[in-house]
Amino acid sequence: MSDRKQKLLDAMAVLGLGTQPQSLINGTLTSGTGAEIQLVDPFTEEVLITYPDAGEMLANLACDAAQNAQVGWAKGISAAARGQVMQDIVRAVLANVEPLATIEAIVAGKPIKDCRIEVAKVAEMFAYYAGWADKLHGEVIPVPSGHLNYTQREPLGVVFQITPWNAPIFTAGWQIAPAIATGNGVVIKPSELTPITTVALVKIAESVGLPVGLVNVLCGLGPTSGQAAIAHAAVRKVIFVGSPETGRRVAVAAAEALKPAVLELGGKSANIVFDDANLKHACLGAQAAIFSGAGQSCVAGSRLLVHKSVHAELVDMLSKGMNNIKLGDPLDEATEVGPISNARQFAHVSDMVMKAKDAGASVLTRSKTQAQGYFVPPTILNGLSNTALAAQQEIFGPVVTAIPFENEADAIALANATDFGLAGAVWTADVGRAHRMADAVRAGTFWINSYKAIHVSSPFGGSLSSGFGRSSGTDALMEYTSAKSVWLDSAPIPRIAFGYVS
Ligand code: NAD
């Protein structure tokens with residue numbers, strides 16, 4: 001057995017997970033019976049573990065379990081007690097950073113120091129929503145009839161969450177925390193390629209008092225396990241984080257069953273640099289925007305729009321800078337960028353670079369790369385127009401398309417000329433221009449002289465092919481609850497305009 005596989009199994013043993021990914025149904029690790037799924041180490045290309053797809057039967061059991069546990073969680077204990085359990089989860093997650101980060105680094109191929117930060121962010125998400133558990137209340141509305149009218153925010157019941165492979169435990173915490181803070185039961189299906197840390201997170205939560213069955217994890221495939229859960233009668237809403245193509249399928253299946261959905265999809269975000277910007281800062285921002293996480297981020301600054309007078313200079317700075325980025329083993333403390341997370345994505349990124357070359361791009365790439373693993377070196381595509389495939393389709397790798405612009409109006413037009421609407425940024429010393437750009441660029445998140453700053457307290461989401469609905473902040477509290485309007489008549493005779501009493 002390889003060292004890395006042994007490390008993975010050791011970390012799984014510490015967390016009580018057995019030797020292969022298993023679904024967590026009603027507090028019990030349960031093996032599926034479906035098609036075999038392989039987990040491959042993206043750094044060595046070694047098959048680490050195989051496991052069976054959860055399948056329809058486990059999906060149904062997971063939804064039933066969540067439905068049963070949800071009633072007691074929502075009504076059987078106080079909201080403050082729910083918050084207390086979530087605070088206990090915060091401490092338990094922080095006590096397990098190392099095994100969680102190790103699993104994530106090996107299976108997802110993310111640098112271990114990034115994985116530690118993401119695990120700490122999960123703790124922060126539980127802390128943030130723990131605080132909200134007993135502070136979510138309704139309103140009293142001065143209706144003209146004189147009734148006492150008030151609203152209360154109610155949990156939806158069971159929600160089904162589907163997450164991708166690029167930030168597995170981060171995305172799980174991001175969606176589970178607001179869902180349970182507001183009294184919902186959860187079934188979550190992580191990507192079949194990175195399921196282990198989601199199971200671990202829920203197991204850790206159960207070990208400190210989360211009722212078993214409240215959150216269930218399905219380890220398996222989307223078309224089987226995922227679709228079965230969408231169709232289950234107990235599921236009241238579907239929250240999907242992933243690609244636009246799959247998001248469309250999920251939204252259609254949810255709509256068929258008259259269930260609402262939140263879609264957190266991809267992007268083709270514009271990182272816009274004006275000639276008055278501090279170019280060193282803009283260059284650092286551009287690197288972080290597209291090369292961190294090997295570009296496998298929904299908000300990646302994959303289109304670098306640069307004023308024509310500084311375009312060549314900035315591209316040169318960026319291309320020199322990328323030679324200093326430390327590519328390597330995700331388990332190595334010094335590694336800044338790991339491999340692409342899986343073979344399918346590696347093929348897609350490589351194919352997009354080939355197509356860009358065929359379309360006439362000059363491809364600037366670092367000379368030194370890795371001999372093994374799914375590595376794509378940091379790459380700049382220069383000389384393409386905004387209508388080129390590489391500027392329109394999500395690459396989801398460390399590949400940026402650099403495009404010059406003429407003036408502010410041109411920059412805005414280019415920024416908005418895609419099917420997406422997730423994020424964007426501007427680098428400028430002109431504060432008025434910064435606000436004009438923030439106003440004009442279509443994006444759910446926009447940065448001024450910054451990139452990739454996000455926090456659980458601030459809303460996040462997109463429009464068009466980037467999806468709809470919002471996560472994080474108080475917006476997520478709204479997504480995971482619905483308003484009930486209650487009318488009370490205090491008049492001596494009920495204020496009812498119609499009726500007979502015999
Ligand atoms: P993907 O769409 O291939 O898969 C996402 C999830 O959907 C996985 O769990 C998968 O098993 C499941 N799935 C697949 N087919 C399904 C089906 N027919 N029914 C139900 N579920 C199904 O996405 P990916 O390749 O895992 O992730 C990369 C994508 O995720 C990128 O487009 C990225 O931009 C996006 N993403 C978006 C955000 C955001 O917050 N907007 C965050 C992270 C990633």
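Start at 1 and go down the list; that is how both ligands and their atoms are numbered.
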(request) Please determine if K259 and E256 form a salt bridge, counting it only when a charged side-chain N lies under 4.0 Å from a carboxylate O. (result) no

(request) Taking only heavy atoms of P190 into account, list the atoms of ligand 1 that are under 4.0 Å away from them. (result) 9 (O)

(message) Distance under 4.0 Å to a non-hydrogen atom of N166: what atoms of ligand 1 satisfy this?
(response) 43 (C), 44 (C)

(request) Select the closest option to atom 20 (C) of ligand 1 among P164, S191, S341, G222, judged by heavy-atom distance. (result) G222

(request) List the atom of L156, the atom of N184, and the distance in Å for their closest heavy-atom pair. (result) N-OD1, 2.7 Å

(message) Under a 3.5 Å threshold, yes or no: a donor from one side chain and an acceptor from the other, between T197 and E104?
(response) yes

(message) So, regarding F240 and ligand 1 (criterion: nitrogen or oxygen to nitrogen or oxygen, under 3.5 Å), is there a contact or not?
(response) no

(request) On the 0 to 90° scale, with breaks at 30° and 60°, tag the W132-Y128 ring pair as parallel, tilted or perpendicular. (result) perpendicular

(message) Can you confirm whether K135 is buried at NZ, in the sense that more than 12 heavy atoms of other residues, nucleotides or ligands lie under 6.0 Å from that atom?
(response) yes

(message) Only heavy atoms of V241, strictly under 4.0 Å: list the atoms of ligand 1 that pass.
(response) 5 (C), 37 (C), 38 (C), 39 (C), 40 (O), 42 (C), 43 (C)

(request) Decide whether an N or O pair under 3.5 Å exists between E192 and ligand 1. (result) yes

(message) E394 versus ligand 1: do any nitrogen or oxygen atoms come within less than 3.5 Å of each other?
(response) yes

(message) Once salt bridge (Lys or Arg N to Asp or Glu O under 4.0 Å) is applied, do any residues pair with K203, and if so which ones, sequence neighbours excluded?
(response) none

(message) Regarding ligand 1, does T246 bring an N or O atom to under 3.5 Å of one of the ligand's N or O atoms?
(response) yes

(request) Note the single closest protein heavy atom to atom 28 (C) of ligand 1, along with its residue, its atom name and the distance in Å. (result) F396 CE2, 3.6 Å

(request) Step by step, work out the side chain to side chain donor-acceptor pair (under 3.5 Å) result for S341 and N166. (result) CA-CA 7 Å; S341 195; N166 67 315; over 6 Å; no

(message) Taking distance alone, with N or O pairs closer than 3.5 Å, would you say K189 contacts ligand 1?
(response) yes

(message) Looking only at protein heavy atoms, which one is nearest to atom 3 (O) of ligand 1, and what is the separation?
(response) R344 NH2, 3.5 Å

(request) Using a strict 4.0 Å cut-off to heavy atoms of T163, name the atoms of ligand 1 that fall inside it. (result) 6 (C), 8 (C), 9 (O)

(message) Test: salt bridge (charged side-chain N to carboxylate O under 4.0 Å, His left out). Region: residues 36-51. Which pairs qualify, not counting sequence neighbours?
(response) R4-D41

(message) Out of all atoms in ligand 1, which are within 4.0 Å of some heavy atom of E264? Include the element for each.
(response) 37 (C), 38 (C), 39 (C), 40 (O), 41 (N)

(message) Please confirm whether W174 approaches ligand 1 to less than 4.0 Å, judged on its heavy atoms.
(response) yes

(message) Could you check whether atom CH2 of W165 has more than 12 heavy atoms from other residues, nucleotides or ligands sitting under 6.0 Å from it?
(response) yes

(message) Salt bridge or not between E264 and R470? Use side-chain N to carboxylate O under 4.0 Å.
(response) no

(message) Quick check: W165 and ligand 1, any N/O pair under 3.5 Å apart?
(response) yes

